[in-house]
Amino acid sequence: MEPDDIEAKRLIRRRTRTAAPPASPADANGQPVRIQVRGARVHNLRNIDVDIPLRQLVAIAGVSGSGKSSLALGVLYAEGSRRYLEALSTYTRRRLAQAPRADVDGVQHVPAALALRQRPGLPSIRSTFGTSTELLNYLRLMYSRLGAHLCPNGHRQAPTIDVALNMDLTCPECGAVFYPPGAETFAFNSDGACPRCEGTGVVREVDEAALVPDPAKSIDEGAVAPWSMFGLTVMPQVVAELGVRTDVPYSELDAAERETVMNGPEVKREIRVPSKNGKLFDLNFTYRNARRSVEEAVRNAASEKGLARVNRFLSVQTCPDCGGTRLSPAARSTTVDGIDLAEATAKTLGELMEWVPKVVEELAPDMARMGREITAQFMEIARRLTGLGLSYLSLDRASSTLSTGERQRVQLTRAVRNETTGVLYVLDEPSIGLHPSNIDGLVAVMRDLLTDGNSVILVDHDVQILREADWFIEIGPGSGSQGGTVLATGDASQIAAHPESLIGPFLAGRERIQARARSSSEALFDVGRIRLSTRPLHTVHALDLEIPAGRLTAVTGVSGSGKTTLILESLIPALQARIAGTPLPGHVAAPDAGPVKRVDAVDSSPIGANVRSTVATYSGILDHLRRAWAATPAAKADDLDAGDFSYNTGSLRCPRCEGTGEVSLDVQFLPDVDIVCPACQGSRYAPEADKYQRNGLTLPGLLTITASQALEQISDLGRVRTRLLTLIDLGLGYLTLGEATPALSGGEAQRLKLASELGRDQSETLFVFDEPSIGLHPLDVRTLLGVLQRLIDNGATVIVIEHDLDIIANADYIVDMGPGGGSEGGTITATGTPDEIRSVTGSVTGQYLDHHLKHGG
């Protein structure tokens, strides 16, 4: 698409918008036209009042940590979903999680609400891209109605209209009469599941050694680990009734006893079980041996999290019977156009969009109409997903392997497909992971929701998508305690002209885009060159790559174009192997690290494996704080040291949650439910910790405030002050010290990982960032560019994989991948400076970059 075409489409859309907020709270029919929020105090919101137009696209803007999500999710979505649930019957509500009331004086006229979060919940282990988009339903229908089926004797029958008429089929070769398979026959979550793996594509075999990790323990001491994990705490008593000694080390049991523990029969035995008041009851229990207890837990695991608890007892491998396709032999026996369903779902969405219409063209005339109806439904969904940049995904791709941005776009497409009306959709940064060329597709989907009579509230930072909003609410002016107020409201022109608006100058194009001095073309490679040659891998062709050392390079391209394969799977491991003198990856040839002696991949993966990791622990601040609080007079008088102030192992940690700040409710074979610890209210410390104060402040209290606020409270601690200033320099001053690091956004996680790197000599280091702009306001992007410049000033080479046009425009050098995604990408379409890239007609990124630079400051 040419830049002039891009602007023309936007002008047409702007003419169709409502230019002003509704003046009256109701329309001519008496229907509410706006949501009225009064006295909102969720998180850092400061008792705000605001009106939100209904049935419009409303954008909530503001710097990171200003309170945007608190208004959108903490007030509007929370109240919309809560009130909907309260309207259900008591019988139904008992089976649903009860949502608390938002801290707000009043919210009027809020519709039933659905939220598409920045971090969607982990999908089921049985979910794939095909099932989550419902595209697989139409493929299954195609294979049922349009397929060439096998008779019971293995003879293939040509497609016939008799299948749709529910008529028996007669094999022309052997005369066998059989009923044709229905759509459920091709469902790996139902009749079409592979018997060996039960439709999961992998087999998990119990590892007996893992069942008893410590043979020195007796069964009474918990030697059989799954019994204590899966709610089978009475099994030691039951197995004792079967003649197994439970009071000796497991290693001393004889072969017969071990066989009973591992594989004993499901027999009932009566044992005595005490009640809470100590009274004994005689009850019958069915024995669950160690192996069976794990197998049952696997079958009942409803999520990746639930399965993770079981995986410690399993060895996992691709199912040898179905080859990972999840399908039974019968489900794979039918073909359409010569390929079976497993082969069809292995195709990318883009490939299927070419293949599916061809199938209809080759059908007999009496089947063509039915074929067109089935494929039309498929193509409608596929076009929406392609417009959102997902054409490179295959239908058999496990949903758990999709990025959060990809999963959110799938949710958005399903929302339109459901054809709701009167619903409030709250979208939390839907532009994440989207190339500028896919923003039009995202806007089209949101407009479809509005056309159906819904309301859409958008929380985002991307100026390209913000310009499409009908109405703005800007929260600010700063982060944390410096935010939480309504800075401005209005349409795009009003916000652009508002004197206090921080996003206005970017919407109007007044803000200067270039925020750092870029290298000239002549000086680009003065510091050196990094070179790489690759052979084909995945959908990426053989490539030759050259990157300037000591500069900022942006690797760009649409989703699925090959950026990750080129940089994260090729360049990084190749340079690491060359530097370490170890074997190169098989698809890499002749890497030249140039001046680079160290590679640091700063990815967006969560920091810390669990909630015990916080901003304070990861940055090293808590170690100094514990020593400072241990030095207070009260702590010395009670003979406490720094170890006592550790919420992980110290004597002052909360005994209920053991310092995690939350407790997990074990409901046996259902997914665990995590709630804030009722004993410490999430502080991680026991009440006794409040006894010890330093300058009037407790350590648990300090962990509840932001890094910026903490700087004012403990400026006398030199090392802590230095580290807090680093966090603030990284644009993370709004984070609370006790915030769990796994909950940070990808961009926040990357910057926090950099905290220990700033200020060092980086003259021989290559830093690689994967979309560091995620979740950043344009002003925060300026801060990020300053951080990257500090690394370069210290001698580093920096590569960013990016979609953000501000960062791309500020790069010294660009490597653009494409031209499309999946099989349509995998090549380097252009390299050069931003000014050189914007003039390359074959570069999609270049076209949008040119438009951005022309209309920016």
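Just so it is clear, the structure is predicted and the values come from calculations on it, not from any experiment.
When atom types are taken as modelled, the side chain of N794 and the backbone of Q762 share no donor-acceptor pair closer than 3.5 angstrom. Within the 3.5 Å criterion, the main-chain N or O of S619 finds a donor-acceptor partner in the side chain of R723. Side chain of N438 to backbone of L434: no donor-acceptor contact under 3.5 angstrom is found. In this structure, K597 contributes its side chain and T765 its backbone to no donor-acceptor pair below 3.5 Å. Looking only at distances, no side-chain donor or acceptor of T797 sits under 3.5 Å from a matching main-chain atom of A549. The backbone N or O of A342 sits less than 3.5 Å from a side-chain atom of T345, completing a donor-acceptor pair. Between the side chain of T534 and the backbone N or O of A542, no donor-acceptor pair lies under 3.5 Å. T722 contributes a side-chain N or O that, together with a main-chain N or O of G718, makes up a donor-acceptor pair within less than 3.5 Å. Checking side-chain atoms of N810 against main-chain N and O of I513 turns up a donor-acceptor pair under 3.5 Å. When atom types are taken as modelled, the side chain of R684 and the backbone of G661 share no donor-acceptor pair closer than 3.5 angstrom.
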The test is side chain to side chain donor-acceptor pair (under 3.5 Å); show your working for T556 and D816 and say whether it passes. CA-CA 5 Å; T556 62; D816 192 36; 2.6 Å; yes
Quick one: do S69 and D428 satisfy side-chain contact (heavy atoms from CB on, under 4.5 Å)? Show the steps, please. CA-CA 8 Å; S69 294; D428 188 12; 4.0 Å; yes
Where do D396 and K347 land on the salt bridge (charged side-chain N to carboxylate O under 4.0 Å, His left out) test, with the steps shown first? CA-CA 8 Å; D396 63 0; K347 290 178 178 289; over 6 Å; no
For a side chain to side chain donor-acceptor pair (under 3.5 Å) check, start with the C-alpha distance between T845 and H435, then their side-chain angles and the critical distance, and finish with the verdict. CA-CA 8 Å; T845 302; H435 187 271; 2.8 Å; yes
If you apply the rule side-chain contact (heavy atoms from CB on, under 4.5 Å), what do you find for C197 with V202, and how did you get there? CA-CA 6 Å; C197 67; V202 296; 5.9 Å; no
What do the steps show when you test D806 against R782 for salt bridge (charged side-chain N to carboxylate O under 4.0 Å, His left out), and what is the final call? CA-CA 9 Å; D806 277 354; R782 300 294 190 270; 3.3 Å; yes
Verify side-chain contact (heavy atoms from CB on, under 4.5 Å) between Y848 and I439, making sure each step is shown before the conclusion. CA-CA 11 Å; Y848 281 85; I439 295 295; over 6 Å; no
D600 vs L766, side-chain contact (heavy atoms from CB on, under 4.5 Å): CA-CA, chis, key distance, verdict: CA-CA 6 Å; D600 193 341; L766 167 65; over 6 Å; no
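Between H538 and E569, the side chains place a donor N or O and an acceptor N or O closer than 3.5 Å (distance only, hydrogens not considered). The closest side-chain donor-acceptor pair between T741 and S613 falls under 3.5 angstrom. Residues Y647 and T614 bring a donor and an acceptor atom of their side chains to less than 3.5 Å of each other. S391 and T386 share no side-chain donor-acceptor pair at under 3.5 Å. Counted by atom type alone, Y734 and E739 present zero donor-acceptor pairs between their side chains at under 3.5 Å. Between the side chains of R612 and N648, at least one donor-acceptor pair of N or O atoms lies under 3.5 Å.
With contacts defined as side-chain heavy-atom distances shorter than 4.5 Å, the pair R598/I579 does not qualify. Taking 4.5 Å as the limit, some side-chain heavy atom of L566 sits within range of a side-chain heavy atom of M817. Between V798 and F769 there is a side-chain heavy-atom pair separated by less than 4.5 Å. Looking at heavy atoms from C-beta onward, L524 lies in side-chain contact with Y813 at the 4.5 angstrom threshold. Residues L385 and R409 are not in side-chain contact: their nearest non-hydrogen atoms beyond the backbone lie 4.5 Å or more apart. A 4.5 Å side-chain heavy-atom check between F767 and V800 finds every atom pair outside the cut-off. In this structure the side chain of I799 reaches within 4.5 angstrom of the side chain of V555, judged on heavy atoms. Residues I814 and T833 form no side-chain contact, since every pair of their non-hydrogen atoms from C-beta on lies 4.5 Å or further apart.
D812 contributes atom CG, which lies 12.0 Å from atom CD1 of I547 (distance to the nearest 0.5 angstrom). Separating the CG atom in L442 from the CD atom in Q464 is a distance of 9.5 Å, to the nearest 0.5 Å. For the atom pair R397 CZ and L349 CG, the distance stands at 12.5 Å (nearest 0.5 Å). Here CG of L853 is found 8.0 Å from CG of L805. Values are rounded to the nearest 0.5 Å. Note that CD of E343 is 10.0 Å distant from OG1 of T325, once rounded to the nearest 0.5 Å. Atom OH of Y392 and atom CD of E824 lie 13.0 Å apart (nearest 0.5 Å).
A side chain to side chain contact (heavy atoms under 4.5 Å, CB included) with S64 is found for one member of L735, L732, L776 and no other, namely L776. Among the candidates D460, D462, D804, the single residue satisfying the side-chain hydrogen bond (donor to acceptor under 3.5 Å, both in side chains) test with S431 is D460.
Across E658 and R653, no two heavy atoms sit closer than the pair O-NH1, 3.4 Å. Of all heavy-atom pairs spanning A707 and I728, the tightest one is O-CD1, 4.4 Å. S437 and V558 get closest at one heavy-atom pair: OG-CG1, 3.6 Å. Pairing each heavy atom of L703 with each of T736, the nearest pair is O-CB, 4.0 Å. Across all non-hydrogen atoms, the minimal contact from T827 to L543 is CA-CD2, 3.9 Å. R516 and L785 make their closest contact through CD-CD2, 4.4 Å (heavy atoms, listed as atom of the first residue, atom of the second, distance).
Residues forming a salt bridge (Lys or Arg N to Asp or Glu O under 4.0 Å) with R518 (at least two apart in sequence, or on another chain): D835. The salt bridge (Lys or Arg N to Asp or Glu O under 4.0 Å) check on D526 picks up nothing, with sequence neighbours excluded.
A salt bridge (charged side-chain N to carboxylate O under 4.0 Å, His left out) check over residues 535-555, counting only residues at least two apart or in different chains, returns the pairs R529-E546, R531-E546.
Using a cut-off of 4.0 Å between Lys/Arg side-chain N and Asp/Glu carboxylate O, D207 and R312 are scored as not salt-bridged.
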